[in-house]
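This report concerns only the one structure given below.
Quick caveat: nothing in here was measured; it's all calculated off a predicted structure.
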Amino acid sequence: MPSLASTAKKTKPIYTSQFFQIILATIIGIILGCAAPSFAVNLKPLSDFFLKLITMIVSPLVFCVVVQGIAGAGNLRTVGRIGFKALIYFEAMTTIALAFGLLMAFLFNPGHGIHINAADLDPSALGKFSDNAESLRHGGISAFFLNIVPSSPIGAFAHNDVLQILFFAILFGSSLTLIGESGKAVTQLIDATTTLMFRIMRIIVRIAPIGVLGAISFTVGQYGIETLRQLVSLVMVYFLSVAIFVTVCLGIVLRLCGVRLFKLLSYLREELLVVVATTSSDAVLPQIMSKLQNMGVKKEVVGLVIPAGYSFNLDALSIYLGLTVIFLAQATGTHLSWTQIGLVLGTALITSKGAHGVPGVAIVILAATLSVVPSVPAIGLVLVISVDWFIGIARAVGNIIGNCVATVVVAAWEKDLDLKKAQETLGIPAS
């Protein structure tokens, strides 16, 4: 029987826990933002530095894990089957999310009573989003599909275009599988590179509490609470919408697979805290993938579904699009017919794909979606920009949870989920 001394040695001090460090950084950031806002705003470079480190590693990491997942699946039939099931799930869930966003907007009417005159809004606030918005607005579906194919692989990596990298990685991994034994050396190189990338990411993530401190300090110091008074109803309804969607819709889907939502969220709590603070799901990509594998999801499924989900399964963004279009219509006194609402739904299903990694992603995609209902003044987007960071918290968290759930669902559907191991890891009593 182990002695009390040996047990004490095995217990790490609480201050070494990254979970504790992130909580502490969050509290310090809020205090600094309230007590010394001018100083707190100057801490933003800490957050920018952390996010830049993450951005540096995301492209090669996504490429490696997708190629590794395809090559590890053994044959293209398996890859195609997993990919097909994932796409079916993605489309079904994002459609439900869009419809749910519309429903919540009509139930709570967050834009009623604002009475904004579009002529009073400052169009210069949209300046940095105009180029991206215009290309999405006027390019149409054909431009969307053409944009999937990179002009060159190097260009896709240089611009951190995850959708283009995903396309190239699928071609690369599929070709690697087809050439068989002669591609073994390349496969081994990809495996080694993936291990190296995960090691680099682990080093970067150790400074996450510093990034959290910078992000929280800047946000509280720069915006405060008073600046949100006019749009607080939109923020609250959106947070509530994401919470209900995750708890009810995703919770039910997970329960059908034998997994409990809140047990899974507790298991991923450190990663979710990083996402909350940075509003970036990139920051936790490797840890999420590693934890899903450790809880019993087959490596090949994780390697295919998670990267694809970053571009195709943005549940919280879909809720945002449905909710915000109606909010802007209500705020500007614009009536939308059911036909126009249907157009919004259909357009959003296209424009939201490949949204990951685009600067000002939510504003750009929202502008593209609004193009089908020109009666809603696009200049109304200025209203949303002022609270986009706060909305981005729920958006990023909802998206990452949705992708984790999608991976578990596809694995269960494919019979690549070790349910007993998952339940043991999550602390779920065996049924």
Side-chain angles (χ1 to χ4, degrees), residues 62 65-66 68-97 100 166 170 173 242-269 271-272 275 281 284-316 318-319 353 397-431:
V62 167
V65 296
V66 172
Q68 189 182 51
I70 293 174
N75 60 75
L76 293 182
R77 181 175 295 178
T78 301
V79 173
R81 188 175 64 247
I82 294 173
F84 181 69
K85 290 178 178 178
L87 287 175
I88 289 176
Y89 176 86
F90 292 165
E91 285 304 311
M93 200 54 67
T94 51
T95 301
I96 293 171
F100 184 68
L166 192 60
I170 291 171
V242 172
I244 293 174
F245 181 83
V246 168
T247 304
V248 178
C249 188
L250 297 185
I252 290 173
V253 170
L254 264 188
R255 197 61 182 261
L256 294 174
C257 298
V259 177
R260 295 182 186 176
L261 175 68
F262 289 105
K263 292 288 187 180
L264 179 63
L265 298 185
S266 176
Y267 177 61
L268 301 173
R269 63 186 180 275
E271 290 73 22
L272 293 177
V275 174
S281 54
V284 295
L285 175 63
Q287 305 97 295
I288 288 290
M289 296 178 70
S290 178
K291 281 196 167 183
L292 288 173
Q293 290 176 36
N294 291 339
M295 65 172 268
V297 180
K298 196 172 180 180
K299 182 179 181 180
E300 289 74 23
V301 176
V302 175
L304 286 171
V305 178
I306 286 290
Y310 266 52
S311 286
F312 289 97
N313 187 47
L314 303 174
D315 295 340
S318 298
I319 294 172
K353 300 300 183 289
V397 172
N399 285 338
I400 195 66
I401 293 173
N403 282 320
C404 291
V405 171
T407 306
V408 174
V409 171
V410 173
W413 191 358
E414 188 67 12
K415 294 182 172 57
D416 283 335
L417 172 66
D418 186 338
L419 184 57
K420 183 178 179 182
K421 182 178 180 181
Q423 291 177 334
E424 289 176 354
T425 303
L426 300 179
I428 301 173
S431 54

If you round to the nearest 0.5 Å, how far is [atom2] of [Y] from [atom1] of [X]?
X	Y	atom1	atom2	answer
E414	L304	CD	CG	10.0 Å
K263	L426	NZ	CG	8.5 Å
D418	M295	CG	CE	10.0 Å

Exercise. Does the side chain of Y267 come within less than 4.5 Å of N294's, by heavy atoms?
Worked result: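 SC-SC contact between N294 and Y267 confirmed.
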Exercise. Under 4.5 Å between any side-chain heavy atoms of L419 and V259, yes or no?
Worked result: yes
Problem set entry | Derivation and outcome, side-chain contact (heavy atoms from CB on, under 4.5 Å), residues V405 and Y89 | CA-CA 10 Å; V405 171; Y89 176 86; 3.6 Å; yes
Run the side-chain donor-acceptor check on residues 243-256: report pairs under 3.5 Å with partners two or more places apart or on a different chain.
{"from": "T247", "atom 1": "OG1", "to": "A243", "atom 2": "O", "distance (Å)": "2.7"}

Write down the atom of [X], the atom of [Y], and the distance for their closest heavy-atom approach.
X	Y	answer
V242	A316	CG2-CB, 4.4 Å
R260	I428	N-CD1, 3.5 Å
T94	L314	CG2-N, 3.9 Å
C257	L417	O-CD2, 4.2 Å
N313	A406	ND2-CB, 3.6 Å

Could you tell me whether the side chain of [X] and the main chain of [Y] form a donor-acceptor pair under 3.5 Å?
X	Y	value
N403	I306	no
S290	P286	no
T95	E91	yes

Problem set entry | Sequence-distant partners of L268, side chain to side chain contact (heavy atoms under 4.5 Å, CB included), two or more places apart | L264, E271, L272, I288, K291, C404
For this session: Determine whether more than 12 heavy atoms belonging to other residues, nucleotides or ligands lie under 6.0 Å from atom NZ of K299.
Result: no
